[in-house]
Amino acid sequence: MVKESKFSYNSKDEKKYSLGKTFRGDIFNVPETHDMVRSLFDPTVKKSVSDYLIVLSLFINGIVYYYSPVTWRIPVFIVLYSFWRLGYNLGIGILLYKQSKSHSMFHWLKQIQINGGWAKKFVELELSSKLNAQQLNSVPDEFKTWIVFRSLVNLILMNDFTTYMCLVFACSDGAFNQSLSLIFLRWVLGISFFIFNIIVKLNAHLIVKDYAWYWGDFFFRLHNNEELIFDGVFDLAPHPMYSIGYAGYYGCALMTKSYTVLIMSIFGHLLQFLFLNYVETPHIEKIYGDDNLSENTISVNKRDDSVFIGTGGKPLVMLTKNFNWLRTNDIFTVVLALYASIVPIFLPASYNNSIIILAIVVKIGTSFVLNSVLYLQSRFKSWTLSFIKNYGTINISILDNKELLERLSFQNWTLLQNNTLVLNYSMLFTISVREVMYNEKFWQTEWLPLRFILAALMILGQFLTVHQMIDSIGLFGWYYGDFFIGVLSSHKSEVTTLSRSGIYHFLNNPERVTSNLTVWALYLLFNNSNKIFLVIALLFTMNNLIVLNFIEKPHMVKLYGEQNVLKHTSGIEKSINSLFLPNHVQGTIVKLSGSIDKVIQDSSKVIDEFIRNKHNQKPKELSLKKRRNSFQQVIELIRGSTDDTLTINLQELNDQGQLQLLNLLRKDDTDFYNLGDPIKVEWNMEDHKGKDKAWIGLYNIFQTSETRTKTLVSSKGYWIPIHREKYINLSDKIRNEEDCILEDELNRGVVQFSAELLPWVPGTYELRLHANEKHEVLAISKPFDIVVKKIDVPTSDDIGDERLEDFANKLYQGFVSKLFPAVESIEDESNWFLQMHIKENARQVEKLCSTLSQSCGVHLTKKAIVDEKCLKDLSFKISKLRKMLDELML
């Protein structure tokens with residue numbers, strides 16, 4: 001693609017580009033020229049010698065076709081077409097390459113004018129046929145060189161087209177050797193492709209005119225025409241004259257039903273892309289600016305550099321980009337790919353179905369994991385929080401650098417995403433190879449060569465598209481970076497918006513169309529021999545739709561706004577609307593698209609609300625009122641009646657036993673004790689044959705609700721006898737708690753559950769009075785909650801020693817002193833180290849870890865606690881963690 005200006009110098013209704021400018025800076029009036037067809041075949045246009053020679057060469061092609069033996073026509077025109085195609089892409093390519101580098105054609109023309117001879121006469125004759133005397137004297141030699149070059153282009157391009165069409169006719173013998181329905185389908189598609197090709201070429205010429213059509217910017221510039229402008233078909237596809245502008249080639253292959261035409265079409269198209277890549281693109285970058293130096297590209301590269309600096313370098317993309325033999329993760333990815341793709345190939349044929357099922361299971365499993373991580377990260381920052389839990393609590397220095405923490409967590413995500421992609425596509429490779437090796441039906445498939453060619457093109461298309469996407473949005477965008485990282489400080493001055501460059505200029509979501517080309521290529525190749533490939537293709541496609549519509553789109557709308565995400569019109573959409581669709585059809589499509597988007601958004605909101613409720617629901621923190629309702633329903637089912645009082649005395653023992661909670665706290669209609677606080681209970685019991693060895697146990701209410709007359713579960717050591725002297729064999733817990741019995745009278749007393757006699761798990765509990773060392777229930781207290789007391793964590797940047805000590809003392813008094821009495825203060829390093837590392841205290845450390853996590857709103861690991869020197873240092877770490885979490889949740 002060359003300069004894609006909206007108007008050209010020979011546009012009679014536009015004077016803006018009527019002036020040309022040489023690379024030396026000379027400005028001149030640009031004479032009017034004519035397109036290729038009019039120059040050759042319009043009788044009103046003056047003809048040059050080269051025009052007559054070109055027309056003659058076209059007649060010679062027809063004569064060769066007519067008089068060649070039928071068996072010779074195809075090979076003859078394969079040679080002729082190859083010659084002219086190479087003359088186009090190689091011959092013209094070399095000329096233009098040299099002209100771009102050193103203005104070689106300009107210097108050759110000057111040399112011809114100096115040397116004289118027949119070459120000078122031919123050039124003068126050619127120029128006099130195209131330009132009048134006044135124009136010859138006014139235009140510079142650069143323009144004259146271009147005029148002569150146009151004649152060469154006309155010769156090569158017209159013969160290239162003519163010999164190709166002769167080859168098409170030569171290969172058309174079998175065009176109707178098929179069922180009527182297939183003939184109709186092939187010709188309808190073929191003619192459609194051909195007409196589309198003509199529309200693209202005509203529209204492209206209407207936009208770029210002769211100046212770009214004949215590579216004019218290799219010779220001179222149009223004045224005030226410094227930028228590439230996308231319009232018409234140039235909005236439809238990148239380089240439309242060389243990409244979709246060759247659709248007619250494949251239309252001819254369809255109409256002729258000829259593999260020869262198809263292969264030669266691919267050959268010619270491939271040469272055209274090589275010409276574009278090695279000749280035109282470097283010149284475009286030289287004249288109009290390098291895409292790699294564009295504002296968007298520079299911003300993307302800077303962002304990638306900033307994100308991955310200090311994290312081991314840019315991550316691997318599949319196995320094709322950024323591979324580093326010195327990086328363990330990259331070696332692991334290669335080993336994973338080899339193991340998943342090579343080893344299963346050599347298993348016996350009987351394993352075919354098992355390997356296919358395994359591939360499906362792996363796809364479902366990895367998709368569920370990746371989608372869950374992205375969804376939860378978008379809503380709750382779950383991935384980053386998990387990283388803080390497992391890394392930030394160990395390396396406290398990272399908590400001072402939010403950006404580094406986000407980048408490190410993002411790097412771990414890139415490894416997960418890339419390895420799952422490699423694993424899935426490796427398994428696709430495995431089942432495809434095994435299908436070719438072990439399934440005899442495959443080789444009996446109709447149109448197998450065509451299937452191979454189309455499948456290869458589809459896979460190549462996905463590969464190229466992926467790399468174009470990465471070029472446009474960078475590795476940050478490819479790996480969903482904006483799910484994990486906010487605006488870096490080094491980029492705060494830049495506008496945060498969606499990229500619309502490269503392939504994203506033409507498609508809003510190219511991955512919607514291209515990310516499943518490989519699986520559908522495999523379906524096309526193997527659907528006759530194994531229908532399971534349809535299931536695989538649908539599975540990949542459904543997963544892609546789920547990610548785009550229910551995960552990525554809501555997140556993009558949240559970050560960039562609905563107008564930028566949902567309302568933006570892509571280049572392809574604009575081009576199709578302007579070229580092919582009437583206004584009323586466009587309106588209908590817009591309404592339909594809006595309705596579909598609304599359905600997707602509504603469905604996404606329902607799913608989002610359901611998952612958010614599940615995520616936020618914490619059973620251990622349900623209100624006592626809800627617990628009472630659940631508990632009351634259980635009682636009603638068991639006893640068949642409603643008990644309005646929650647102090648339940650069974651077997652009509654109201655005159656024999658009662659339990660009364662003494663130091664109960666109450667807030668918002670909730671009765672509770674703080675975790676670790678002692679529980680005092682007064683018991684009253686009249687004469688009973690088992691009173692002497694009666695005891696009180698502490699139970700989680702949901703473990704004892706099945707029966708109210710007899711306790712069927714163990715108290716797990718949380719019990720106290722009402723008369724200590726009546727028991728001979730007491731547990732060590734009770735012996736250690738000498739003050740567990742506060743008052744001991746004949747028919748009443750007070751006991752206290754504290755320290756090791758208390759459960760260290762939040763929940764709803766009750767006390768039960770039992771008789772005679774057995775589990776017969778005499779009385780049950782009303783239920784109460786044991787809750788973790790929330791402690792405010794200081795999170796300001798300038799937290800001082802006084803505030804830190806105050807926070808540490810609250811932790812000490814609330815939890816540490818009760819679990820580890822030997823620790824005497826918040827700065828007691830020796831006892832802290834000893835208590836944290838005694839093997840017998842492992843459960844106590846786990847209790848402290850769980851309690852501090854719930855109380856302070858951070859997730860601590862056991863290692864994060866035992867690694868600190870003292871409680872004060874641990875308090876500082878918790879403060880840092882809390883501050884980091886608060887910043888992330890913003």
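For the single chain, residues carry numbers from 1 onward in sequence order.
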Colleague: Can you check whether D217's main-chain N or O pairs, donor with acceptor, with H283's side chain at less than 3.5 Å?
Modeller: yes
Colleague: With a cut-off of 6.0 Å (strictly less than), are more than 12 heavy atoms of other residues, nucleotides or ligands near NZ of K98?
Modeller: no
Colleague: Hey, is the main chain of V148 close enough, under 3.5 Å, to the side chain of E126 for a donor-acceptor pair?
Modeller: no
Colleague: Side chains of D51 and S48: donor-acceptor distance under 3.5 Å anywhere?
Modeller: yes
Colleague: Please name the pair of heavy atoms, one in D471 and one in K321, separated by the smallest distance, quoted to 0.1 Å.
Modeller: OD1-NZ, 3.9 Å
Colleague: For this output row, return yes or no: ring centroids of Y88 and F275 closer than 6.0 angstrom.
Modeller: yes
Colleague: For Y164 and Y249, which heavy atoms make the closest approach, and how far apart are they?
Modeller: OH-O, 3.1 Å
Colleague: Between N61 and T162, do the side chains contain an N or O donor and an N or O acceptor separated by less than 3.5 Å?
Modeller: no
Colleague: First locate atom SG of C171, then atom CD1 of I74, and finally report the distance between them rounded to the nearest 0.5 Å.
Modeller: 4.0 Å
Colleague: A quick test of your reading: do over 12 heavy atoms of other residues, nucleotides or ligands sit less than 6.0 Å from CZ of F452?
Modeller: yes
Colleague: So D160 and Y81, do their side chains get closer than 4.5 Å, heavy atoms only?
Modeller: yes
Colleague: Are any of the side-chain heavy atoms of L202 and L206 separated by less than 4.5 Å?
Modeller: no
Colleague: Considering all heavy atoms of both residues, which atom of G245 and which atom of K201 are nearest to each other, and what is their separation?
Modeller: O-CE, 3.2 Å
Colleague: Step through the shown structure and confirm whether more than 12 heavy atoms of other residues, nucleotides or ligands are within 6.0 Å of CZ on F161.
Modeller: no
Colleague: Check the side chains of T22 and E142 for a donor-acceptor pair under 3.5 angstrom, ignoring hydrogens and angles.
Modeller: no
Colleague: Are the side chain of R451 and the backbone N or O of L524 linked by a donor-acceptor pair below 3.5 Å?
Modeller: yes
Colleague: Under 6.0 Å between the ring centres of F220 and F143?
Modeller: yes
Colleague: Let me confirm one number: the CG-CE distance from D141 to M105, rounded to the nearest 0.5 Å.
Modeller: 14.0 Å
Colleague: Side-chain contact test, heavy atoms from C-beta onward, threshold under 4.5 Å: evaluate it for K120 versus N115 and give yes or no.
Modeller: no
Colleague: Going from CG on L167 to CE on M264, what distance comes out if it is rounded to the nearest 0.5 angstrom?
Modeller: 6.5 Å
Colleague: Side chains of I78 and T260, heavy atoms from C-beta outward: is any pair under 4.5 Å?
Modeller: yes
Colleague: Whether the side chain of E285 engages the backbone of P282 through a donor-acceptor N/O pair (distance < 3.5 Å, no angle test) should be reported.
Modeller: no
Colleague: Just verifying a value: how many Å separate C252 SG and I191 CD1, rounded to the nearest 0.5 Å?
Modeller: 10.5 Å
Colleague: Take atom NZ of K101 as the centre, draw a 6.0 Å sphere, and report whether it contains more than 12 heavy atoms from other residues, nucleotides or ligands.
Modeller: no
Colleague: Heavy-atom count check: over 12 atoms from other residues, nucleotides or ligands less than 6.0 Å from F273 CZ?
Modeller: yes
Colleague: Under 3.5 Å, is there a donor-acceptor pair between the side chain of S100 and the main chain of L96?
Modeller: no
Colleague: Just so I know, are the side chains of S265 and V261 near enough to count as touching, which here means a heavy-atom distance under 4.5 Å?
Modeller: yes
Colleague: Going by heavy atoms in the side chains, are W213 and D35 under 4.5 Å from each other?
Modeller: no
Colleague: For residues R303 and G477, report the shortest heavy-atom separation together with the two atoms involved.
Modeller: NH2-N, 4.2 Å
Colleague: Aromatic ring centroids of F176 and W187 under 6.0 Å?
Modeller: yes
Colleague: Atom CD of Q272 and atom CE of M241: how far apart are they, to the nearest 0.5 Å?
Modeller: 9.0 Å
Colleague: Spell out, as yes or no, whether a donor-acceptor pair under 3.5 Å connects the side chain of S515 to the backbone of R512.
Modeller: no
Colleague: Identify the heavy atoms of F23 and R221 that sit nearest to each other, and give their distance.
Modeller: CE2-CG, 4.0 Å
Colleague: Taking C-beta and beyond as the side chain, do T33 and K130 meet within less than 4.5 Å on heavy atoms?
Modeller: no
Colleague: Is it the case that over 12 heavy atoms from other parts of the model lie below 6.0 angstrom from the CZ atom of F169?
Modeller: no
Colleague: Closer than 3.5 angstrom, by distance alone: can the side chain of T281 be matched with the main-chain N or O of L276 as a donor-acceptor pair?
Modeller: yes
Colleague: Please check this pair: side chain of H269 against backbone of Y242, looking for a donor-acceptor N/O pair closer than 3.5 Å.
Modeller: yes
Colleague: Taking atom CZ of F267 as the centre, report whether more than 12 heavy atoms of other residues, nucleotides or ligands fall under 6.0 Å from it.
Modeller: yes
Colleague: Got a second to check how far L152's CG is from Y214's OH, nearest 0.5 Å?
Modeller: 11.0 Å
Colleague: Check for a donor-acceptor pair, side chain of N324 on one end and backbone N or O of L326 on the other, with a separation under 3.5 Å.
Modeller: yes
